[in-house]
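Right, one structure below, let's go through it.
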Amino acid sequence: MSKSVYSLVLSDEVVSEIDRMAYKEGLSRSNLIDFILADYISMETPQKRMQDIFGHMERLFSQSSNMRFLNQPSLSMASIVSALSYRYKPTVKYQVELFDDEKFIGQIKISMRTQNSALLGLMGEFFTVWKALEEKYFGRGELSFVDESGRFYRKFTPVGGARLTPDEISDAISEYIEDMNNAMNIYFKNCQSSQDEYLPVIESYYASTQGERAKI
């Protein structure tokens, strides 16, 4: 959406409250006013779309017993955290960022809250396996990468360029996170065995979930 500069006469008390709300939401005054007006006239803006996506994701994860949705101080970001079924129950963080972009819906960054080098090494190995499966089944391995710190990044773009609704996007991202979290737990439960034993299990799980419902 294009934007222009407009002159408005507003009450000082109203502006003061707007500024307080904008600070709390991590927005500028102009962006918050634009968001409020668009919501009032039922017009979808990128910010409103992001709010709808995260609102639906929060409702979905509220039903999970082992994953927790966390709001971020920004309309474009949110996180989901999960305790991995492994020694010391390390926390895995799935940080989702939404874009105002025609090609990409957004991206996810996945990291583990630990300084244990052995654990980070195992995490990196899992990400390599997951990326290989994305390339094998969908030819979408170019959308993901692992950085030098062992964090996994994956961009989301609709399969076939389809126009997805906010609920469809939130469902797709939530399912991707849930599937990856389940596969990660499968991996860590079996990583002490040989690759010949645990790789077919992970691939079978990936094919039965992502293969059936991948949209992004």
Side-chain angles (χ1 to χ4, degrees), residues 49-72 75-85 90-101 103-113 123-147 150-189 199 201-216:
R49 187 173 173 84
M50 292 174 187
Q51 185 188 55
D52 289 344
I53 291 170
F54 284 141
H56 188 58
M57 285 181 65
E58 184 171 15
R59 289 190 291 274
L60 291 173
F61 282 107
S62 68
Q63 303 170 28
S64 174
S65 60
N66 63 339
M67 305 190 79
R68 187 160 51 95
F69 184 93
L70 302 175
N71 280 309
Q72 301 281 308
L75 282 177
S76 64
M77 298 184 72
S79 295
I80 296 90
V81 294
S82 173
L84 194 63
S85 297
T91 298
V92 181
K93 182 180 180 180
Y94 301 85
Q95 185 177 66
V96 180
E97 180 180 6
L98 300 176
F99 300 154
D100 179 12
D101 187 284
K103 182 179 181 182
F104 295 110
I105 295 170
Q107 76 170 7
I108 188 170
K109 178 178 73 174
I110 306 169
S111 58
M112 182 180 287
R113 294 178 180 177
M123 193 72 159
E125 182 178 292
F126 169 77
F127 288 147
T128 300
V129 170
W130 185 266
K131 178 176 171 61
L133 291 173
E134 294 206 311
E135 179 64 38
K136 177 179 179 178
Y137 281 84
F138 300 107
R140 295 166 73 81
E142 79 283 355
L143 296 176
S144 60
F145 69 93
V146 183
D147 71 8
R151 291 169 294 195
F152 177 87
Y153 291 78
R154 164 69 145 82
K155 286 187 175 181
F156 294 128
T157 182
V159 173
R163 174 69 175 177
L164 302 178
T165 67
D167 280 2
E168 288 175 330
I169 291 172
S170 60
D171 285 343
I173 294 177
S174 299
E175 288 167 356
Y176 184 89
I177 292 172
E178 184 178 15
D179 290 343
M180 191 180 208
N181 194 68
N182 289 338
M184 196 181 298
N185 277 288
I186 292 172
Y187 168 78
F188 274 92
K189 286 178 181 177
L199 284 183
V201 178
I202 296 175
E203 181 168 356
S204 176
Y205 177 79
Y206 183 92
S208 67
T209 55
Q210 292 295 298
E212 292 177 354
R213 61 192 188 190
K215 294 181 179 179
I216 53 176

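Note that these values count all heavy atoms, side chains included, but never hydrogens, waters or copies made by symmetry.
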Contact summary for S144 and F152, nearest pair of heavy atoms: CB-CZ, 3.5 Å

Please check this pair: side chain of T128 against backbone of G124, looking for a donor-acceptor N/O pair closer than 3.5 Å. yes

Is there a donor-acceptor pair closer than 3.5 Å between any side-chain N or O of S204 and the backbone N or O of V201? no

Minimal non-hydrogen separation, H56 against D167, with atom names: CG-OD1, 3.6 Å

Applying side-chain contact (heavy atoms from CB on, under 4.5 Å), can you list everything that pairs with I177, at least two apart in sequence or on another chain? M57, F61, M67, I80, Y94, V96, I108, I173

Taking the side chain as every heavy atom from C-beta outward, state whether F54 and L75 have any pair of such atoms under 4.5 Å apart. no

With F104 via side-chain contact (heavy atoms from CB on, under 4.5 Å) - residues at least two apart: F99, D101, L143, K155, T157

Note: L60 and S170 closest approach over all heavy atoms is CD1-O, 4.2 Å

Test salt bridge (Lys or Arg N to Asp or Glu O under 4.0 Å) applied to E58 - qualifying residues, sequence neighbours left out: none

Of the non-hydrogen atoms in M184 and V92, which two are nearest, and what is the gap between them? SD-CG2, 3.8 Å

Aromatic plane relationship, F126 with Y187 - under 30° parallel, 30 to 60° tilted, over 60° perpendicular: tilted

Minimal heavy-atom distance between E168 and R163, with the atoms involved, is OE1-O, 4.2 Å

Counting only heavy atoms not in R151, do more than 12 sit closer than 6.0 Å to its CZ atom? yes

Tightest non-hydrogen contact, residues K103 and P158, listed as O-CD, 4.0 Å

Heavy-atom distance under 4.5 Å between the side chains of F69 and R59, does that happen here? no

Under the side chain to side chain contact (heavy atoms under 4.5 Å, CB included) test against M77, which residue among K109, M50, Q95 passes? Q95

Among N185, I110, T209, side chain to side chain contact (heavy atoms under 4.5 Å, CB included) partner for M180: I110

